[in-house]
Amino acid sequence: MHDTVVSADELARRTVRHADWVPCKAAFIDCRTPGSDRKDNYSFIGPGVTQNASQHVNLREPHGFNLGAAGMPHGTTNSLHLHFTAEVFINFDGDYQLRWGPDGTQGGYRSVDGDVVSVPPWIFRGFTNVGDDDGILLTVLGRDDTGGIIWGPTVLTEAAGHGLHLTADNRLIDTVAGDPLPDDVALIRPMEQAEIDRLDVYTPEQFRSRVVHVADRPWVAEPYLCSRLPGGGAELAPVIGWGTAESRAAAPRLLDPHGFALAWLRALPGDGVLTHRHDATQVLTVKAGHWAVTLNTGEDARTVELGPRDTLSVPPGAWRSMTALDADGGRTATPGTGELLVVTGGDGRVRHEWAREVVAGARDRGRVLDADGYLAPAAVLAFAAEDD
């Protein structure tokens with residue numbers, strides 16, 4: 001595995017503080033449509049599906065997925081649209097009414113804090129903040145190139161009435177601001193009804209199967225080789241994909257390819273995940289508490305403290321460890337614990353390389369990894385080796 005040493009400047013660049021969030025209020029073609037005109041769009045990793053070239057993007061390098069957020073005051077609506085790759089909402093604080101189908105009446109789901117909602121590609125979807133407060137929905141989009149989006153026919157018609165048009169190469173044209181209509185590329189036209197009629201139909205029951213509510217999280221008490229060691233007692237709830245779990249008890253709720261794995265990590269103060277590395281991209285976002293994340297080892301070790309809604313992108317090959325410092329700030333599903341949202345690039349299992357002291361300590365406590373990278377009793381594997 002390539003050894004990546006992260007410099008102090010690189011660590012700072014890869015840390016996206018909540019205070020660093022830069023909203024774009026004209027990211028999409030519905031930015032003047034009444035009811036949709038107060039949205040804030042954020043792009044933390046990759047541009048996502050923004051249609052505004054001036055959208056601020058904190059980290060542009062490819063991760064295999066895009067991470068952003070929608071900030072929506074009470075009553076604000078995100079208009080009906082269709083994605084080609086996975087779109088996953090993580091409710092970080094708010095009360096949202098999600099709807100889907102060509103006219104938004106095929107079904108609905110009321111999302112609350114802590115939900116993870118994986119919306120299938122190729123269906124129209126939209127949502128409205130029906131809570132009393134401003135809400136935040138984090139969004140993870142599959143792949144580096146999402147292919148853009150298709151808007152519902154009425155969305156395009158209403159936007160045109162406000163002087164906004166979309167080109168076939170995904171440029172937002174604002175005639176009110178003086179932009180000329182292009183003569184070198186066609187404008188996007190509404191999707192034909194015959195094609196809309198061919199789209200997949202999802203019942204409320206089918207859609208609900210793609211929602212992981214707080215009570216649905218499949219917590220694994222011993223997910224890693226370090227789990228029995230002091231400071232290594234974090235628990236993991238895999239939601240999408242196999243990701244980094246080393247326990248055969250780990251059972252993600254969703255296994256269809258998304259381009260990334262998504263899991264919750266929780267720990268009491270002083271616990272977390274000990275020093276390890278792997279060759280996948282990985283992004284950590286704090287849901288609750290404060291966390292210390294240390295990259296590199298030895299004299300190169302550097303630690304950053306993250307609070308609620310702070311994000312850190314850890315590059316492939318970098319040694320890392322994470323420790324919950326407290327459970328203050330943010331809402332947590334389990335009182336007294338800190339929570340991290342962990343997004344890891346790729347659809348397959350990720351194999352860890354653990355620091356030597358972790359491997360030795362785990363063996364002393366009766367745990368090793370078998371040939372498939374899963375936790376196993378050290379005594380049994382030692383017996384098998386002797387038998388050979």
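Numbers here simply count residues along the sequence, with the first being 1. Values below: all heavy atoms of this structure, side chains included; hydrogens, waters and symmetry mates excluded.
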For His18 and Asp310, what are the C-alpha separation, side-chain angles and deciding distance, and is it a side chain to side chain donor-acceptor pair (under 3.5 Å)? CA-CA 5 Å; His18 184 207; Asp310 290 347; 5.9 Å; no

Test Lys287 against Asp113 for salt bridge (charged side-chain N to carboxylate O under 4.0 Å, His left out), laying out the working first. CA-CA 10 Å; Lys287 178 67 170 66; Asp113 184 66; 3.3 Å; yes

Check this for me, if you would: do Asp115 and Arg110 make a salt bridge, where the nitrogen-to-carboxylate-oxygen distance has to be below 4.0 angstrom? no

Pair Glu353-His278, side-chain donor/acceptor within less than 3.5 Å: no

How about CZ on Arg363, more than 12 heavy atoms from neighbouring residues, nucleotides or ligands closer than 6.0 Å, or not? no

Would you check if there is a donor-acceptor pair between the side chains of Gln282 and Arg320 at a distance under 3.5 Å? yes

Going through the distances and angles, do Asp20 and Arg309 end up as a salt bridge (charged side-chain N to carboxylate O under 4.0 Å, His left out)? CA-CA 10 Å; Asp20 298 334; Arg309 299 186 184 179; over 6 Å; no

Pair Arg217 + Glu235: basic N to acidic O under 4.0 Å: no

Check whether the side chains of Glu158 and Trp151 place a donor and an acceptor atom closer than 3.5 Å, and report yes or no. no

Check whether any side-chain N or O of Asn66 sits under 3.5 Å from a backbone N or O of Gly48 as a donor-acceptor pair, and report yes or no. yes

Which heavy atom in His213 sits nearest to a heavy atom in Val112, and how many Å separate them? CE1-CG2, 3.2 Å

As a quick check of understanding, evaluate side chain to side chain contact (heavy atoms under 4.5 Å, CB included) for Phe89 and Val119, giving each step before the final call. CA-CA 8 Å; Phe89 299 127; Val119 185; 3.6 Å; yes

Between Leu265 and Trp291, does the side chain to side chain contact (heavy atoms under 4.5 Å, CB included) criterion hold? Intermediate values first, please. CA-CA 11 Å; Leu265 189 79; Trp291 290 73; 4.3 Å; yes

If we ignore hydrogens and angles and just use 3.5 Å, is the side chain of Arg277 paired with the main-chain N or O of Ala355 as donor and acceptor? no

Are Glu87 and His81 close enough that some pair of their side-chain heavy atoms sits under 4.5 Å apart? yes

Taking only Lys NZ, Arg NE, NH1 and NH2, and the carboxylate oxygens of Asp or Glu, determine whether Arg208 and Glu205 approach each other closer than 4.0 Å. no

Distance from Asp271 atom CG to Thr323 atom OG1, nearest 0.5 Å? 8.0 Å

Before you tell me yes or no, could you show the steps for Lys39 and Asp30 under salt bridge (charged side-chain N to carboxylate O under 4.0 Å, His left out), namely the whole-Å CA-CA distance, both residues' side-chain angles and the distance that decides it to 0.1 Å? CA-CA 10 Å; Lys39 290 185 299 183; Asp30 64 343; 2.9 Å; yes

Interatomic distance, CG@Leu312 vs OG1@Thr15, rounded to 0.5 Å, equals 4.5 Å

Note, Arg351 side chain near Asp279 side chain (heavy atom, < 4.5 Å): no

Tell me, with the steps shown, if Ser36 and Ser79 meet side chain to side chain donor-acceptor pair (under 3.5 Å). CA-CA 7 Å; Ser36 301; Ser79 302; 3.2 Å; yes

Donor-acceptor pair, distance only, cut-off 3.5 Å: does the side chain of Arg32 make one with the backbone of His162? yes

So, Asn58 side chain and Ile45 main chain: donor-acceptor pair closer than 3.5 Å or not? no

Residue pair Glu222 / Ser227, side-chain donor-acceptor N/O under 3.5 Å: no

Does the plane of the ring in Tyr109 sit parallel, tilted or perpendicular to the ring in Phe207? Use 30° and 60° as the thresholds. tilted

Does any donor atom in the side chain of Ser118 or Arg210 lie under 3.5 Å from an acceptor atom in the other side chain? yes

Counting only N and O atoms by type, is there a donor-acceptor contact under 3.5 Å from the side chain of Asp347 to the main-chain atoms of Gly259? yes

Can a donor-acceptor pair be found between the side chains of Thr50 and Asn52 at a distance below 3.5 Å? no

In short, Val6 meets Arg302 closest at the heavy-atom pair O-NH1, 2.8 Å

Roughly how far, to the nearest 0.5 Å, is the NE2 atom of His56 from the OH atom of Tyr42? 11.5 Å

Among Tyr202, Trp100, Phe84, which one satisfies ring-ring contact (aromatic ring centres under 6.0 Å, His included) with Trp122? Phe84

Do Phe127 and Leu80 have side-chain heavy atoms sitting under 4.5 Å apart? no

Does the side chain of Glu339 come within less than 4.5 Å of Val286's, by heavy atoms? no

Going through the distances and angles, do Trp354 and Cys226 end up as a side chain to side chain contact (heavy atoms under 4.5 Å, CB included)? CA-CA 9 Å; Trp354 292 95; Cys226 69; 3.7 Å; yes

Are the side chain of Asn91 and the backbone of Gly94 linked by a donor-acceptor contact shorter than 3.5 Å? yes

State, yes or no, whether a side-chain contact exists between Ser7 and Asp300 at a heavy-atom distance under 4.5 Å. no

Please examine the side chains of Arg349 and Asp372, heavy atoms only from C-beta on, and report whether any two atoms are closer than 4.5 Å. yes

Just by distance, no angles: are the side chains of Thr175 and Asp179 close enough, under 3.5 Å, to form a donor-acceptor pair? no

When every non-hydrogen atom of Ser313 is compared with those of His63, the smallest separation belongs to OG-NE2, 2.7 Å

Could you go through the side chain to side chain contact (heavy atoms under 4.5 Å, CB included) check for Leu236 and Trp219 one step at a time? CA-CA 5 Å; Leu236 185 77; Trp219 290 107; 5.6 Å; no

Using atom types as modelled and distance alone, determine if a side-chain donor or acceptor of Ser321 lies under 3.5 Å from a backbone N or O of Leu274. no

Between Gln51 (side chain) and Thr167 (backbone), is there a donor-acceptor pair under 3.5 Å? no

Kindly give the heavy-atom pair with the smallest separation between Met72 and Asn78, and that separation in Å. CE-N, 3.6 Å

Does Glu192, at its CD atom, have more than 12 non-hydrogen atoms belonging to other residues, nucleotides or ligands within less than 6.0 Å? no

Smallest heavy-atom separation, Pro269 atom then Gly336 atom, equals CD-O, 3.4 Å

Heavy-atom donor-acceptor pair, Arg171 side chain to His165 backbone, under 3.5 Å: no

Going from CZ on Arg125 to CD on Gln106, what distance comes out if it is rounded to the nearest 0.5 angstrom? 11.5 Å

Is a side-chain N or O of Tyr96 found less than 3.5 angstrom from the main chain of Ile136, in a donor-acceptor match? yes

Do the side chains of Asp40 and Pro73 get nearer than 4.5 Å, heavy atoms only? no

Heavy atoms, side chains only, cut-off 4.5 Å: are Thr281 and Thr344 in contact? no

Minimal heavy-atom distance between Thr85 and Thr146, with the atoms involved, is CG2-O, 3.8 Å

